[in-house]
Amino acid sequence: MTAPTKPTPAASESLHSPVIDWFDENARDLPWRRPDAGPWGVMVSEFMLQQTPVSRVLPVYEQWLRRWPRPADLAADAPGEAVRAWGRLGYPRRALRLHGAAVAITERHGGDVPSDHAQLLALPGVGEYTAAAVASFAHGQRHPVLDTNVRRVFARAVTGVQYPPNATTAAERKLARALLPDDERTAARWAAASMELGALVCTAKNETCHRCPIAGQCAWRLAGKPAHDGPPRRGQTYAGTDRQVRGKLLAVLREAHTPVPQAALDQVWDEPVQRARALDGLVADGLVEPLPDGRYRLPHA
DNA sequence: AAGTCGTGGAT
DNA sequence: TATCCAAGACT
C-alpha cells in the first residue's frame, strides 16, 4: 500500500461529514430554523427550549412571535404580560429574563439582537450555551455550542462513557473547541447537526445506534456500551416542594386579569409557612407584584 | 459549587 | 406509581 497523498484525517474531522450529511437528511423542520425566523426568533426559541421539550415550546413560540415580532414590541409591554404568555412552559423566570433581554436589546442595541458573543452573554438569561447558540444559529458564527445533547454525543462517541458529568467541565469545553470545524459555515452546521443527533438518535434513554451515522466509530458502542458508573445523577423530587407551591400560586395569577386577594392565594396550599415562603420568593424574583391594598398581580413594571 | 427554579409526557 | 428527563441560568 502506498502512502496516502493526504494526511490521515484526524479523528475529529471524520465525525463532521457523516453527522452533517445525516443532518441534511434528517433535520426537523422547526419554525426557528426557517430562514424568516431571524435572530429574534432564534433567541426566543433558545429561551423557551432551556429545559423544556420542543413539543411544548412550539405553540407558545408561534403565539409569542405573532404578538411580539420584534424585541421592541416585547420591551414596550409589561413584564407580567410576558409571564402570562409564557403559560405552563415552566421556569417562569425565563419569561422575565426574556423581557429583560428585549429591554436591553432595545436600549443598548437599537432593537437588533446583537451578533457579538460578549454582548449576547451580557443579556439577562443568556449564559454560555445560549450566547453560542444565537451567535451560531442566527448569525452563522463559529462557536462551540455545548448543550446537554452535544455533551452526551461527545461523552459517548469520543470519551466512551454513557453520560457526561453533571456539570460542564473544562475538559468538555476543550474537546468541543478541538472538534469545532475551522470553516465558519461548517462550524455552525456542525453545531446544529451534533445537537440534533443527540436529540433524535443519541438520546439519554433508548438510543438508536442503528440510525447513527457515526456508530462505527463511537467509543462507547465499541466498548460494549458500559453502563454509567458512579453516583446516580441527581433525581429531582417535585411533589411538596416550594417549586410546586410557586407553580400553583403563579397559575392563579396568570389566569386572573384583576388583582387577586390574599384569600384566593391561600386556597392553593394549606401549609401556611411554606405558602408564605413561596409567595415571598415569587415577589423577590419579580414574578409577583404586591399592591398596597394587600392584593397581588403579575408585575406591571 | 451545589441548590434552586416548573411542567408534563414517557417508561 | 415513581422516576426520569427535556436546546440552562443564576447564586
Side-chain angles (χ1 to χ4, degrees), chain A residues 23 27-28 30-33 37 41-61 83 86-98 100-101 120-138 143-153 162-170 172 176 188 191-200 202-207 228 231-254 268 274 277-278 280-282 284-288:
Chain A
F23 185 60
R28 291 168 291 180
L30 301 171
W32 44 87
R33 287 178 177 164
V42 171
M43 172 169 279
V44 169
S45 78
E46 291 302 338
F47 270 75
M48 292 183 173
L49 287 164
Q50 292 168 4
Q51 303 287 284
T52 304
V54 166
S55 60
R56 288 175 43 211
V57 164
L58 283 170
V60 182
Y61 171 87
V83 174
W86 198 255
R88 306 189 68 80
L89 282 183
Y91 293 147
R93 290 187 294 191
R94 292 181 293 165
L96 226 43
R97 291 171 184 154
L98 181 51
L120 287 165
L121 199 54
L123 297 172
V126 177
E128 185 178 344
Y129 161 76
T130 300
V134 173
S136 181
F137 302 155
H143 295 280
V145 179
L146 257 191
D147 80 321
T148 186
N149 291 304
V150 175
R151 295 179 61 220
R152 188 173 51 249
V153 169
Q162 187 176 21
Y163 296 119
N166 277 330
T168 304
T169 63
E172 288 183 276
S194 54
M195 192 179 306
E196 189 79 334
L197 184 64
L200 297 184
C202 192
T203 46
K205 295 192 301 186
N206 303 320
E207 68 279 357
H228 172 77
R233 306 183 300 154
R234 83 155 170 281
Q236 35 174 245
T237 54
Y238 180 65
T241 62
D242 287 6
R243 295 161 74 182
Q244 185 182 22
V245 184
R246 286 166 57 107
K248 287 178 175 294
L249 291 170
L250 204 57
V252 171
L253 294 165
R254 274 200 311 266
V268 310
Q274 187 178 28
R277 184 173 66 236
D280 285 348
L282 288 170
D285 286 345
L287 284 164
V288 172

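Proteins come first, then strands; the chains are lettered A, B, ... in the order of their sequence lines, and each starts at number 1. The structure displayed is predicted, hence computed values, not measured ones.
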Asks: Please classify the nucleic acid contact of A/W32 as base, sugar-phosphate, or nothing, using heavy-atom distances under 4.0 Å.
Replies: base

Asks: Sequence neighbours excluded, which residues qualify as side-chain contact (heavy atoms from CB on, under 4.5 Å) partners of A/T52?
Replies: A/R56, A/V57, A/L89, A/R94

Asks: Of all the nucleotides listed (C/dG8, B/dT4, C/dA7), which has the minimum atom distance to the side chain of A/Q51?
Replies: C/dG8

Asks: Round to the nearest Å and state the distance from A/L96 atom CG to B/dT4 atom P.
Replies: 21 Å

Asks: Which part of the nucleic acid does A/T148 contact within heavy-atom distance under 4.0 Å: base, sugar-phosphate only, or nothing?
Replies: sugar-phosphate

Asks: Measuring only the P atom in each nucleotide, how far is C/dA7 from B/dC5? A whole number of Å is fine.
Replies: 22 Å

Asks: Determine the contact category for A/L98: base if any of its heavy atoms lies under 4.0 Å from a base atom, sugar-phosphate if only primed atoms, P, OP1 or OP2 are that close, otherwise nothing.
Replies: nothing

Asks: Please classify the nucleic acid contact of A/G127 as base, sugar-phosphate, or nothing, using heavy-atom distances under 4.0 Å.
Replies: sugar-phosphate

Asks: Looking only at the side chain of A/R243 (C-beta and beyond, no hydrogens), which of the listed nucleotides C/dG8, C/dA7, B/dC5 gets closest?
Replies: B/dC5

Asks: Send over the distance from A/E207 CD to B/dA10 P, rounded to a whole Å.
Replies: 19 Å

Asks: Measure from CG on A/L282 to P on B/dT4 and round the result to the nearest Å.
Replies: 16 Å

Asks: Can you figure out which of C/dA7, B/dT7, C/dA6 approaches the side chain of A/R254 most closely?
Replies: B/dT7

Asks: Does A/T130 have a side-chain nitrogen or oxygen under 4.0 Å from the phosphate oxygens OP1 or OP2 of C/dA9?
Replies: yes

Asks: Can you figure out which of C/dA7, B/dG6, C/dC5 approaches the side chain of A/Y163 most closely?
Replies: C/dC5

Asks: Considering heavy-atom distances to DNA chain B, does A/L89 or A/S55 have its closest nucleotide positioned more toward the 5' end?
Replies: A/L89

Asks: Under 4.0 angstrom, heavy atoms only, what part of the nucleic acid is A/R246 near: base, sugar-phosphate, or nothing?
Replies: sugar-phosphate

Asks: May I ask you to say what A/E128 touches in the nucleic acid, namely base, sugar-phosphate or nothing, with a heavy-atom cut-off under 4.0 Å?
Replies: sugar-phosphate

Asks: For A/D280, which residues count as a side-chain contact (heavy atoms from CB on, under 4.5 Å) partner, sequence neighbours excluded?
Replies: none

Asks: Could you tell me whether the phosphate oxygens of B/dT7, OP1 or OP2, come under 4.0 Å of any side-chain nitrogen or oxygen in A/Y238?
Replies: yes

Asks: Without decimals, in angstroms, what is the distance between A/K248 NZ and B/dG8 P?
Replies: 10 Å

Asks: Could you tell me whether the side chains of A/Y129 and A/Q50 share a donor-acceptor contact shorter than 3.5 Å?
Replies: no

Asks: When the distance from CG of A/L49 to C1' of B/dG6 is rounded to whole Å, what number comes out?
Replies: 15 Å

Asks: Could you check how far CG of A/D242 sits from P of B/dG3, rounded to whole Å?
Replies: 15 Å

Asks: Given B/dG8, is OP1 or OP2 found less than 4.0 Å from the side-chain N or O atoms of A/R88?
Replies: yes

Asks: On DNA chain B, nearest-nucleotide positions of A/K205 versus A/P92: which is more 5'?
Replies: A/P92

Asks: For residues A/V60 and A/W86, determine if any side-chain heavy atom of one lies less than 4.5 Å from a side-chain heavy atom of the other.
Replies: no

Asks: Send over the distance from A/L58 CG to B/dT7 P, rounded to a whole Å.
Replies: 19 Å

Asks: Need to verify one output field. Residue with the more 5' nearest nucleotide on DNA chain C, A/L123 or A/N149?
Replies: A/N149

Asks: What's the CZ-P distance between A/F47 and B/dG6, to the nearest Å?
Replies: 16 Å

Asks: Pick the closest DNA chain C nucleotide for A/G198 and for A/V126 by heavy atoms, then say which residue is nearer the 5' end.
Replies: A/G198

Asks: Check step by step if side-chain contact (heavy atoms from CB on, under 4.5 Å) holds for A/F23 and A/M195.
Replies: CA-CA 10 Å; A/F23 185 60; A/M195 192 179 306; over 6 Å; no

Asks: State, yes or no, whether a side-chain contact exists between A/L96 and A/V83 at a heavy-atom distance under 4.5 Å.
Replies: yes

Asks: If every non-hydrogen atom of A/A191 is compared with every non-hydrogen atom of A/S136, which pair is closest and at what distance?
Replies: CB-OG, 3.8 Å

Asks: Measure from the side-chain heavy atoms of A/R94 and tell me the nearest of B/dG6, C/dC5, C/dA9.
Replies: B/dG6

Asks: If we take the C1' atom in both C/dT11 and B/dA1, what is their distance in whole Å?
Replies: 10 Å

Asks: So, does A/R152 get its side chain near the phosphate of C/dA6, meaning an N or O under 4.0 Å from OP1 or OP2?
Replies: yes

